[in-house]
Undergrad: 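Pasting a structure here, questions to come.
All heavy atoms count here, side chains included; hydrogens, waters and symmetry mates do not.
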Amino acid sequence: MTRPADIRHWPPSLRVKICGITKIDQGVAIAQLGAHALGFICVPQSPRFITADQIYKITHQLPETSTEGLPLARIGVFADATAATIEETVERGQLTGVQLHGSESLTLCQQLRAALPQVELIKAFRIKTADTLKQTEPYQQTVDSLLLDAYTSQALGGTGETWDWSIVSDFSPQCPWFLAGGLTPDNVAQALSQTHPSGIDLSSGLEKSPGDKDLSRVERLFKQPSLRHDGF
Ligand SMILES: O=C(O)c1ccccc1NCC(=O)[C@H](O)[C@H](O)COP(=O)(O)O
């Protein structure tokens, strides 16, 4: 399947996505600190949930590009939403990408790919055991990237839980992938010494409370030497 060239252009360094943005000033500041992608939680059960109209109030104030001059991605995070809801939220929120964080089928991913050909598609998987990695295989040809997150029975994401990174120490899918789950400025170097993702995704490890980012932690993250070397 052909994918739009512009959204397949990952930066030479590790791609950093900061998720759970709910405030305009924090979104702008996090972009200025070096994020390549910002995530907006479109899952009503989440304490970080914001509506499409609230997302738009943030996205239309964001810079077009990251500090590296690459397009700044604006990703809506959904869990088992309908294609119609996703498409409407993308339009109203002026999103450039969609992260599917529930049990979305390959068929839904293919439908979204056809309906939103210019929109970046990320499929998240919550890793219980090494077997979960096999479930990613059929998706690798259709989505732009995978996101591997912690599994807990309490919540779908944003839990701050880490997981056994040795499961993905040699994970090498056919598309880029994000490491997520409990990453913080303090453990990201260790995570990257054990795994070789194309990007990382962080949320609660950079927060004062759900949806309220601590900019000093974000600044400390981007000062990490492990985020500065060239791609893997
Ligand atoms: O963050 C949420 O509240 C959330 C709710 C429902 C589905 C997904 C959600 N977040 C998805 C993300 O991409 C988070 O960044 C990811 O789970 C990592 O979170 P954390 O462990 O807090 O860094």
Side-chain angles (χ1 to χ4, degrees), residues 7 10-11 13-43 46-50 54-78 93-101 120 122 124 144-150 155-162 176-189 191-192 195 197-228:
I7 63 170
W10 283 57
S13 56
L14 190 75
R15 195 177 188 206
V16 181
K17 171 172 167 280
I18 308 295
C19 214
I21 304 296
T22 63
K23 299 174 193 296
I24 298 171
D25 57 333
Q26 293 185 354
V28 171
I30 290 170
Q32 287 168 347
L33 285 168
H36 302 108
L38 300 181
F40 304 93
I41 305 297
C42 307
V43 181
S46 168
R48 301 176 185 88
F49 171 72
I50 54 174
Q54 289 169 324
I55 293 172
Y56 176 71
K57 285 190 181 141
I58 302 176
T59 53
H60 89 283
Q61 300 274 11
L62 293 174
E64 284 291 315
T65 57
S66 70
T67 52
E68 289 169 343
L70 295 158
L72 177 70
R74 308 183 294 267
I75 310 287
V77 178
F78 299 84
Q94 289 297 290
L95 297 170
T96 62
V98 164
Q99 178 176 322
L100 302 171
H101 217 92
E120 177 176 5
I122 302 172
D144 293 296
S145 51
L146 303 172
L147 184 146
L148 305 187
D149 199 358
L156 287 174
T159 63
E161 295 287 330
T162 55
W177 68 282
F178 288 94
L179 180 69
L183 295 175
T184 70
D186 299 315
N187 68 11
V188 75
L192 292 173
T195 60
S198 328
I200 52 173
D201 169 273
L202 300 89
S203 182
S204 59
L206 303 174
E207 287 180 335
K208 293 183 261 193
S209 62
D212 188 10
K213 301 299 178 201
D214 180 337
L215 295 180
S216 65
R217 282 196 220 176
V218 180
E219 199 171 351
R220 203 148 60 77
L221 173 77
F222 284 104
K223 286 191 174 149
Q224 292 292 313
S226 52
L227 266 61
R228 302 242 156 252

Undergrad: Could you measure the distance from the CD atom of Q99 to the CZ atom of F78? Nearest 0.5 Å is fine.
TA: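 Result: 10.0 Å between the selected atoms.
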Undergrad: Is it true that K23 and E207 have a side-chain N and a carboxylate O under 4.0 angstrom from each other?
TA: no
Undergrad: Is there side-chain contact between L221 and I18, with at least one heavy-atom pair below 4.5 Å?
TA: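 Yes, at least one pair of side-chain atoms sits under 4.5 Å.
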Undergrad: One pair to check against side chain to side chain contact (heavy atoms under 4.5 Å, CB included): L202 and C19. What are the steps and the verdict?
TA: CA-CA 6 Å; L202 300 89; C19 214; over 6 Å; no
Undergrad: Without swapping roles, check the side chain of T59 against the backbone of I55 for a donor-acceptor pair under 3.5 Å.
TA: yes
Undergrad: Do the side chains of L70 and T65 get nearer than 4.5 Å, heavy atoms only?
TA: no
Undergrad: Does any part of the side chain of I75, heavy atoms only, come nearer than 4.5 Å to the side chain of I122, both counted from C-beta?
TA: yes
Undergrad: Go through the side-chain N and O atoms of S203 and K213 and say whether any donor and acceptor fall under 3.5 Å apart.
TA: yes
Undergrad: If you round to the nearest 0.5 Å, how far is CG of D201 from CG of L147?
TA: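 Rounded to the nearest 0.5 Å, the CG-CG separation comes to 5.0 Å.
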Undergrad: Side chains of F222 and T67, heavy atoms from C-beta outward: is any pair under 4.5 Å?
TA: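 No; the side chains remain at least 4.5 Å from each other.
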Undergrad: Can you tell if the side chain of V77 reaches within under 4.5 Å of the side chain of C42, non-hydrogen atoms only?
TA: no
Undergrad: Between S198 and W177 (side chain of the first, backbone of the second, donor and acceptor by atom type, cut-off under 3.5 Å), is there such a pair?
TA: yes
Undergrad: I41 and side-chain contact (heavy atoms from CB on, under 4.5 Å): which single residue from P47, P210, S46 fits?
TA: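 Looking at P47, P210, S46, the match for I41 under the side-chain contact (heavy atoms from CB on, under 4.5 Å) is S46.
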Undergrad: How close do F178 and S145 get, heavy atom to heavy atom, and via which atoms?
TA: CE1-OG, 3.8 Å
Undergrad: After noting the C-alpha distance and the side-chain angles of Q61 and D25, does the key distance pass the side-chain hydrogen bond (donor to acceptor under 3.5 Å, both in side chains) rule?
TA: CA-CA 9 Å; Q61 300 274 11; D25 57 333; over 6 Å; no
Undergrad: Below 4.5 Å, heavy atoms only, C-beta onward: do I58 and Q26 meet side chain to side chain?
TA: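 No, side chains not in contact.
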Undergrad: Considering non-hydrogen atoms only, spot the tightest contact between R220 and P185 and give its length.
TA: NH1-CB, 3.9 Å
Undergrad: Looking at every non-hydrogen atom in both residues, tell me the closest pair between A73 and R15 and how far apart they are.
TA: CB-NH2, 3.4 Å
Undergrad: Is the shortest side-chain heavy-atom distance between I200 and L227 below 4.5 Å?
TA: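 When only atoms from C-beta onward are counted, L227 and I200 do touch, with a gap below 4.5 Å.
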Undergrad: Could you go through the side chain to side chain contact (heavy atoms under 4.5 Å, CB included) check for L215 and I30 one step at a time?
TA: CA-CA 7 Å; L215 295 180; I30 290 170; 3.8 Å; yes
Undergrad: Using modelled atom types and a 3.5 Å cut-off, is there a donor and acceptor pairing between side-chain atoms of N187 and backbone atoms of T184?
TA: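 Here the side-chain-to-backbone pair exists.
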Undergrad: Indicate the atoms forming the closest heavy-atom contact of L72 with P63, along with that distance.
TA: CD2-O, 3.3 Å
Undergrad: Report the C-alpha distance between L38 and L62 in whole Å, list the side-chain angles of each, state the deciding distance to 0.1 Å, and finish with yes or no for side chain to side chain contact (heavy atoms under 4.5 Å, CB included).
TA: CA-CA 10 Å; L38 300 181; L62 293 174; 3.7 Å; yes
Undergrad: Side chains of H36 and E68, heavy atoms from C-beta outward: is any pair under 4.5 Å?
TA: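 In short, these two side chains touch, coming nearer than 4.5 Å.
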Undergrad: What closest approach, in Å, do L95 and F40 show between heavy atoms, and which atom pair accounts for it?
TA: CD2-CD1, 3.9 Å
Undergrad: Taking all non-hydrogen atoms of both residues into account, name the closest pair between G211 and R48 and its distance.
TA: N-CG, 3.7 Å
